[in-house]
Amino acid sequence: MDYATLLQLLDSTVRLATPLLLACLAGLFSERAGVFDIGLEGKMLIAAMTSGAVAAISGSVWIGLAAGIGASLVWALMHGIASITFRGNQLISGVALNFLASGITVLVAQAAFGQGGRTPPLSGNARFGAITLPFAEALRDVPILGPLYFEVISGHPLLVYVAALCVPLTWWVLFRTRFGLRLRAVGENPAAVDTAGVSVTRLRFAAVLIAGVLCGIAGAYMATALQAGFGREMTAGRGYIALAALIFAKWKPWAALYATLLFGFFQALALRPDVVTRVTTLDIPVPALEALPYVLTVLVLAGFVGKAIPPRAGGEPYVKER
Amino acid sequence: MTQTASPAIELRGISKAFGTVQANKDITITVPRGTIHGIIGENGAGKSTLMSILYGFYRADSGQILIGGRETAIPDSQSAIRAGIGMVFQHFKLVPNFTVLENVILGAEDGALLRPSLSKARKELARLSKEYGLDVNPDAVVEDLSVGHQQRVEILKALYRQAEILILDEPTGVLTPAEADHLFRILSGLREQGKTVILITHKLREIMAITDNVSVMRRGEIVGTVKTAETSPPALAELMVGRKVLLRVEKTPAKPGKTVLEAKGLRLMRGGVELLKGVDLTIRRGEILGLAGVAGNGQSELLEVLGGIARAEGTITMNGHSFTDPREAGIAHVPEDRQHLGVIMDFSAWENMAFGYHRHFAKGALMDNRTLRDETAEAMKRFDVRPLLPDLAIKNFSGGNQQKIVVAREIERNPDLLLIGQPTRGVDIGAIEFIHKQIVALRDQGKAILLVSVELDEIMSLSDRIAVMCGGRIVGERDPATTNEKELGLLMAGVNDEAA
Amino acid sequence: MQRIPRWADVVLVPIISLALAAICAAGVILAIGQDPMEALNTMVVGALGSAYGWGYTLYYATSFIFTGLAVTVAYHAGLFNIGGEGQAQIGGLGVALVLLFIPWPHWSVALLAATLGAAAFGALWAAIPGYLQAKRGSHIVITTIMFNYIAYSLIVWVLVDVLRPAGQAEPATARFPAHLGLPTLTEIPGLSAIFTDQVPANVSLFVALAACFAVWLLLFRTPLGYEIRAFGKSESAARYAGINPTKIIIVTMMISGALAGMMSINNVMGESGRLLQNASEGAGFIGIAVALMGRNHPFGVVLAALLFGFLYQGGAEIGLWTQIPIDLRVVVQGLVILFTGALDHMVRMLLGLFFRRRAA
């Protein structure tokens, strides 16, 4: 494999890893607070459709982004009401909201645009364009690093950099702020937070809503940056891959970045079976490449690649004991 | 200032009902500043409910709470903390993977950033540790600490929040006598500094050892408040149960026969901790062997191993044979934690009657539910279980009636050996007597019984032979007729007779 | 919280949940500018108004009974099996292999063999997550989701690279021998008088009903079922009672997977006559809604499966005859799962208020 092909692969790795990363960090906030979130997929999907539709109508990608985040927040709120307020089963709530998003996106997009459940193609200000980082052009001719900077690091839509910035930000919030301390505590032992006079409900809602915002950005990225518009089921299981990456990353922000980059790389590979064949000289079927993140996750879950210990109070609605 | 003159805390006519159950009824208590006040009562007497009201978990239906002479509403824990109330729960409310420091500041941070809070807390903690003899490493991760140290973290948490009133709920249940003594020294120190302590317990010994005044609760009511110096354990016990207590069980001397169970060199590791460190044990026909010890010294694990729930190194034989299925070998087991182990709470009484023996009720591929139901109805009649409804889910029976069903089930199989753990935990007095009689009757039929209980009185009155466990070992054996509480207490604390 | 009578819990809770789901769905229809009454009318006429419609409703219901039972069995052991979809697809592979490579003389023996093949493949596919849960503590929900995707990839590979006949463009197996086609309700003596038009509902329906009875026997009348239910309520207590958790988890998941796999006799053997990509069409997921709606009781599952059969056939009619996309049925499915599975406490609370007022 030549250097140019590698750069191409890495470039699409970054593009494909971005929604995974945002969703993974969303899951991280929610699960660190003790609320399982299978509904990352649904939140991304509803955000993708809403942002795609609103950007198409308004002609502004920013309004589209805001609408996408708003829609995702509605889903997050429903998850919070079901699993925090009414102490429902968090897994079932997530599954239900995924189906709801899957159906409603098509219904609404079809009603609004009549294009078979798609939103109209976006262009110009209705879409996030690529940003060229400073000196990218100038450094292009520096051997090895120049093209790497130009091709892989530079030249992505804004939201890619936003997602990258979310990693240190998440780390800082979780481990350096009062809110982070309480959030981590509520996922480990909510009774400790409650008896310390802090509302478990409010903390968990905050975490779930943060997850909503991040999934909203992820969905908007799908429809207005990665693609030019929403298409039916366009998230294609990315919410679940993000969940897998979260487990792989053992609920840690920096590890989440590496895990999603790895899974993004697999997705990039699956798009280029020709490269895989050339490099391995084996005829590896595309489905095998597509299944790789899932197989890897199963291996991680099984403890063959390091043990993943989830937050202790995860999945359990908090009920005060006497 | 009026505050110095007024009592630290005063409850006036507190009442609380859950549905038709009156958990607290017209509770009135006055606790003077700088004293240790005991609240004693049996399980279910309403002590926990009262404390939950004081800490803002429940709101009282009626009544007033006065803190430092001023009426104070406590709608939530935040208000309780603000009012200067600190609570040390029986089950600690700590975040296991946080450090001591992080646990202490949780909920009491200064500002949105952690760093200043942590450094401030570090200084404050050093001061508190010195002042009250609460020695804890602030950077230790809580899950690595011993139970005694975790309890100190809880006390530090309260003190860090400037608690003036400290409530401790059954604080010694998980402590060794030595740790308990240390705790009492800490509490005395707090009293000297002018703090007020409320100690909730069901152990008479603790009340006598440390408190200034004591209130006795029975069935949701305060039946008396007295100065500790002016009362005695029998007098308190009488107040607790409402009549003279005869804890001595009527029984004839044991006539032990040949060995039923023999265990040798039992070792059990769990999570990197050795919980049983080579236990040898023999139980003979026609005797009750009592196993005494502070909770958490291996008694529970020994029961689990003998009952086949946990697997340990070493050999166990029944009537000289090794075995794989304890029930087949003639071992019946009334587990310590009835509600979590002994029954399925959502199953009906008759379904629970087969629990563990369900394969015996198979007729061909299917279960013979009719026979099972008939047998259950009959057993419930014999054991005086109320209400006599085999179809009722077992969660709807009282603790005592649940326990009767479990005991009935285990005795019905006519076992050679009965393992029975905490037989009277959460059981009312009437049922206690009934269950004790059943145990003695079983012994008189020539069965072997292994009794585990943290209630020393129960061990002393029922056993024919007492073995004491400490730190995963059996550290001594005594004859109940010739030993006393003091001697057993020393053994339980790990003080060997040779050394002593 | 106010206790509600048992009959209300069993009957009213699902009905109210369904009503809430219906109201929300009507809201969605209104929001996209369509008429909910017209939608309902189209659904009822299309799914229940004719023997032809019933033929489709029953066909869908057959699949949903199998997948609903699969979720139900796992639920009783405290396991949430979201992997029904993958298990059904792999079950379909089992059916295809049995029918393509062994010459069967008659559809009846072939049905028996295909049922076993489907069950075995589904069971095996569910056994792996079961084993990982029991032995390695891997969360069954996540692993079964992963296994859905792995199954999907596996089937794509098999259909593209392995079982696709030479010269065929479509990713699918060859057709099964014609004489192995299952009799549809049109071809069954007695029923043929009612079902005059060709319908996809076939003899698998009776296998499904038999499976339902068998699951009821298993759960409530056998020692194994007793152990499964006890384990589902309390793992520690089950251990005390000498119940082997590893065995229960793996066996339960295998039974669950077998039931999910068995739906393939309905769609793969009965309807399409060959294995296609994504043959189960989401029926594995609908099993979750069916089990929740049926209160995890085998007989409740039959009723809920009928309801969802109606919803699916009706939804298809809506997609055909109105401006509302067929995806409405996914919306309703999501709403039913939400109200019956996640907001059940809310529904009970509402009912509790009602009963308290009535008692007062």
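Chain letters run A, B, ... following the sequence lines, proteins first, then strands; residues in each count from 1. A quick note: this is a predicted structure, and the numbers were derived from the prediction, not measured.
Residue C:Phe147 touches chain A through its side chain alone, counting heavy-atom pairs closer than 4.5 Å. Proximity to chain A (any heavy atom under 4.5 Å) is restricted, for C:Ile288, to the side chain, taken from C-beta onward. At a 4.5 Å heavy-atom cutoff, the contact between C:Ile82 and chain A is made by side-chain atoms alone. Contact of A:Thr297 with chain C is made through the side chain alone, with heavy-atom distances under 4.5 Å. Residue contact with chain A, scored on non-hydrogen atoms closer than 4.5 Å, involves the side chain of C:Leu292 exclusively. Contact annotation for A:Leu91: both backbone and side-chain heavy atoms come within less than 4.5 Å of a heavy atom of chain C.
The two residues A:Tyr240 and C:Met146 have their closest heavy-atom pair at O-CE, 3.6 Å. A:Arg87 approaches C:His345 most closely through the heavy-atom pair O-CD2, 3.2 Å. Across all non-hydrogen atoms, the minimal contact from A:Glu290 to C:Ser153 is CB-OG, 4.2 Å. The nearest pair of heavy atoms linking C:Asp161 to A:Pro285 is OD2-CB, 3.9 Å. Of all heavy-atom pairs between C:Leu132 and A:Ala302, the closest is CD2-CB, 3.5 Å.
Between the CG atom in A:Leu243 and the CD1 atom in C:Ile145 there is a gap of 6.5 Å [rounded to 0.5 Å]. We find the CD1-CZ distance between C:Ile286 and A:Phe99 to be 7.5 Å, quoted to the nearest 0.5 Å. To the nearest 0.5 Å, atom CD of residue A:Gln110 and atom CD1 of residue C:Ile326 are 12.0 Å apart. Between A:Ile92 atom CD1 and C:Phe80 atom CZ the span is 4.5 Å, to the nearest 0.5 Å. Here the CD1-CG distance, from C:Ile32 to A:Leu107, works out to 4.0 Å after rounding to the nearest 0.5 Å. In this structure, the separation between CG on C:Asp344 and CG on A:Asn89 is 8.5 Å, given to the nearest 0.5 Å.
Annotation for C:Arg295: atom CZ counts as buried by contact number, over 12 foreign heavy atoms lying within 6.0 Å. Residue A:Phe86 places its CZ atom among more than 12 non-hydrogen atoms of other residues, nucleotides or ligands, all under 6.0 Å distant. Heavy atoms from other residues, nucleotides or ligands lying under 6.0 Å from CZ of A:Phe205 number more than 12. Annotation for C:Tyr149: atom OH counts as buried by contact number, over 12 foreign heavy atoms lying within 6.0 Å.
Ranked by non-hydrogen atom pairs under 4.5 Å with chain A, the options C:Leu154, C:Leu328, C:Val28 are led by C:Leu328. Chosen from A:Ala111, A:Ala291, A:Ala82, the residue pairing most often with chain C at heavy-atom distances under 4.5 Å is A:Ala82. Per-residue heavy-atom pair counts under 4.5 Å with chain C were compared for A:Leu100, A:Ile241, A:Asn98, A:Val108, and the maximum is reached by A:Leu100. Note on C:Val156, C:Ile150, C:Ile29: by heavy-atom pairs under 4.5 Å with chain A, the leading option is C:Ile150.
Listed by sequence position, A:Phe36, A:Ile38 are the residues of residues 25-39 of chain A in contact with chain C, using a 4.5 angstrom heavy-atom cutoff. Within residues 329-339 of chain C, the residues having any heavy atom under 4.5 Å from a heavy atom of chain A are, by residue number, C:Val330, C:Val331, C:Gln333, C:Gly334, C:Leu335, C:Ile337, C:Leu338.
Considering only heavy atoms from C-beta on, A:Val286 stays 4.5 Å or farther from C:Trp157 through its side chain.
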